[in-house]
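Working notes for the structure below.
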Amino acid sequence: MQQSSPDVVTFGESMALFMPQEHKALERATTLEQGFGGAESNVAIGLARLGCSVGWFGALGNDPFARMIVKTLRGEGVDVSRVKFSDEAPTGMMFREQVAGRLAVHYYRKHSAASRMTPEELDADYIRGAKLLHITGITTALSESAKQTVLRAVQIAKEAGIKICFDPNLRLKLWSIEEAREVLLPLAEEADYFLPGWDELKLLYQTDDFEEVKAKLKQLKAVTVIKGLGDTTVVLDNGEEVSVPFYPAEKVVDTVGAGDGFCAGFLAGVMKGMTPVEAVGLASINGSLVVQMRGDWEALPEWSAVEQRMSSKAWVER
């Protein structure tokens, strides 16, 4: 008997992660700490910790790194029943170093199992049974077949009336801005929730004029959440514009994963029946907690920690 779908379904590439235990350069490190990361799986863990029903799938190599990733996700409460294992290609890897405040990531993902994903591997019923499909632009940049897999997943969701959340997650190490525009802007037109950063929008729309960008965004059907506009997040919803200030972080240790934490918080708010502005408030709290600890997803908070901080809403403009 086939398992029923979780409320939120997401997919993409998760990679094994290696980094020095202290702030050392990789070339001088004698030991490396092992973990994993991936925008979509980070979001999935964040949603699970906030009490939401969520599933993640993707293609991984048939190797120890894949087993580590899947076991950890399963342990976090994420459904991994649709993950594919490949004997033909490996799980991707990334190495991270942070020296003198500068972060550098070195990827080894070319020809990875995830880059070989195809539309035929999708479980259409799994997507149709969800309430929301979350995708990012990273997966579309991995390869032509991975891009087609995302486009097919979006088509399945649209035909079934499933909401779509799209975070462009622009990665210019993977493709050129010209290539990205051709794919990411049409995907924004398909989305119900669009979560770009201001820096990404300036590149995608080729202007730093906020009013000009806003006019283009208002042509979309999506609720658009613009991150990184000064110290605020701007929500564009049905022609209305609301600014929500960042929830202040007590300290900033590591900004990696903050965007995924924000996205997880926003989607959790949506799943809990909040308005987009309320969901952004939750997202801001989630993101602020993530930056106070090291790691891609390790610092993602439980619902109790977020709920406690939500009791004080004076920082949210109404």
Side-chain angles (χ1 to χ4, degrees), residues 1-15 36 38-62 66-89 91-92 112-140 142-167 169 187 190-193 195 222 260 263-264 266-268 270-272 297:
M1 183 175 177
Q2 218 176 31
Q3 181 177 335
S4 60
S5 303
D7 289 343
V8 180
V9 166
T10 186
F11 71 99
E13 179 169 38
S14 284
M15 293 172 286
F36 73 93
E40 300 84 3
S41 55
N42 293 348
V43 169
I45 292 173
L47 279 163
R49 289 188 179 178
L50 294 174
C52 296
S53 166
V54 58
W56 174 87
F57 64 89
L60 299 168
N62 190 6
R67 291 190 285 277
M68 175 263 296
I69 291 169
V70 168
K71 286 177 181 178
T72 305
L73 287 168
R74 186 184 294 119
E76 289 287 342
V78 177
D79 177 46
V80 289
S81 61
R82 301 307 190 272
V83 172
K84 304 288 185 182
F85 296 94
S86 171
D87 291 321
E88 311 299 325
T91 301
S112 68
S115 72
R116 299 188 182 193
M117 284 189 291
T118 66
E120 292 73 27
E121 293 174 330
L122 290 171
D123 184 334
D125 288 337
Y126 189 68
I127 296 171
R128 293 186 188 110
K131 294 178 181 177
L132 184 142
L133 171 69
H134 171 63
I135 58 169
T136 80
I138 297 173
T139 313
T140 62
L142 296 179
S143 67
E144 179 62 26
S145 66
K147 180 184 78 175
Q148 292 303 324
T149 303
V150 173
L151 297 180
R152 176 58 183 150
V154 167
Q155 182 183 33
I156 291 167
K158 296 280 288 183
E159 291 172 352
I162 307 304
K163 298 288 187 183
I164 297 168
C165 174
F166 175 48
D167 186 336
N169 255 312
L187 278 173
E190 300 292 333
D192 296 282
Y193 302 102
L195 274 61
D260 299 330
C263 181
F266 178 77
L267 290 179
V270 170
M271 290 294 104
K272 292 175 186 292
W297 52 266

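Keep in mind that what you see is a predicted model, and the values were worked out from it rather than measured. Below, all heavy atoms of this structure are taken into account, side chains as well, without hydrogens, waters or symmetry copies.
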(request) Provide the closest heavy-atom pair for Arg128 versus Ala160 in the form atom of the first, atom of the second, distance. (result) CG-CB, 3.9 Å

(message) Atom NZ of residue position Lys158 - does it have more than 12 heavy atoms of other residues, nucleotides or ligands inside 6.0 Å?
(response) yes

(request) Given side-chain contact (heavy atoms from CB on, under 4.5 Å), test Thr149 with Phe11 step by step and report yes or no. (result) CA-CA 10 Å; Thr149 303; Phe11 71 99; 4.0 Å; yes

(message) Give me the atom names and distance for the closest heavy-atom approach of Gly61 to Ala113.
(response) N-CB, 3.7 Å

(request) Take Thr140 and Ile135 through the side-chain contact (heavy atoms from CB on, under 4.5 Å) test and state the conclusion after the steps. (result) CA-CA 9 Å; Thr140 62; Ile135 58 169; over 6 Å; no

(request) Hey, could you give me the CG/CZ distance between Leu50 and Phe266, rounded to the nearest 0.5 Å? (result) 13.5 Å

(request) Mind listing the closest non-hydrogen atom pair of Ala264 and Val43 along with its distance? (result) CB-O, 3.7 Å

(message) Using 0.5 Å steps for rounding, measure from the OG1 atom of Thr91 to the CD1 atom of Ile69.
(response) 5.5 Å

(request) Kindly compute the distance separating CG (Leu47) from CE (Met271), expressed to the nearest 0.5 Å. (result) 8.5 Å

(request) Name all residues meeting the side-chain hydrogen bond (donor to acceptor under 3.5 Å, both in side chains) criterion together with Glu121; count only those two or more places apart in sequence or in a different chain, and write none if there are none. (result) none

(request) Search all heavy atoms of Ile138 against all heavy atoms of Ala39 and return the closest pair with its distance. (result) CD1-CB, 3.8 Å

(message) Looking at Glu88 and Arg116, is there a salt bridge between them, counting it only when a charged N and a carboxylate O are closer than 4.0 Å?
(response) no

(message) I'd like to know whether Leu122 forms a side-chain contact (heavy atoms from CB on, under 4.5 Å) with Phe57, so could you lay out the CA-CA distance, the side-chain angles of the two residues, the decisive distance to 0.1 Å, and finally the verdict.
(response) CA-CA 9 Å; Leu122 290 171; Phe57 64 89; 3.6 Å; yes

(request) Nearest 0.5 Å please: distance from the CG atom of Asp7 over to the CG atom of Leu267. (result) 11.5 Å

(message) Would you say that Tyr193 contacts Leu132 through its side chain, given a criterion of any heavy-atom pair below 4.5 Å between the two side chains?
(response) yes

(request) May I ask you to test the Ser112-Glu13 pair for a side-chain heavy-atom distance under 4.5 Å? (result) yes

(message) Please give me the minimum heavy-atom distance between Thr10 and Ala44, naming the atom from each residue.
(response) CG2-CB, 4.2 Å

(message) To the nearest 0.5 Å, what is the distance between CG on Leu187 and CG on Asp167?
(response) 12.0 Å

(message) Between Asp192 and Ile164 (side chain of the first, backbone of the second, donor and acceptor by atom type, cut-off under 3.5 Å), is there such a pair?
(response) yes

(request) Please step through side-chain contact (heavy atoms from CB on, under 4.5 Å) for the pair Phe36 and Leu73, ending with a clear verdict. (result) CA-CA 10 Å; Phe36 73 93; Leu73 287 168; 4.3 Å; yes

(request) Report yes if the side chains of Val78 and Ser41 come closer than 4.5 Å at any heavy-atom pair, otherwise no. (result) no

(request) Answer yes or no: is there a side-chain heavy-atom contact under 4.5 Å between Val9 and Arg82? (result) no

(message) To check you understand the geometry: which heavy-atom pair defines the closest contact between Gly58 and Met117, and what is its length?
(response) CA-SD, 4.1 Å

(request) Give, for atom CG of Asn62 and atom CG of Asp87, the distance between the pair rounded to the nearest 0.5 Å. (result) 4.5 Å

(message) Contact between Tyr126 and Pro6 at the side-chain level, heavy atoms closer than 4.5 Å - yes or no?
(response) yes

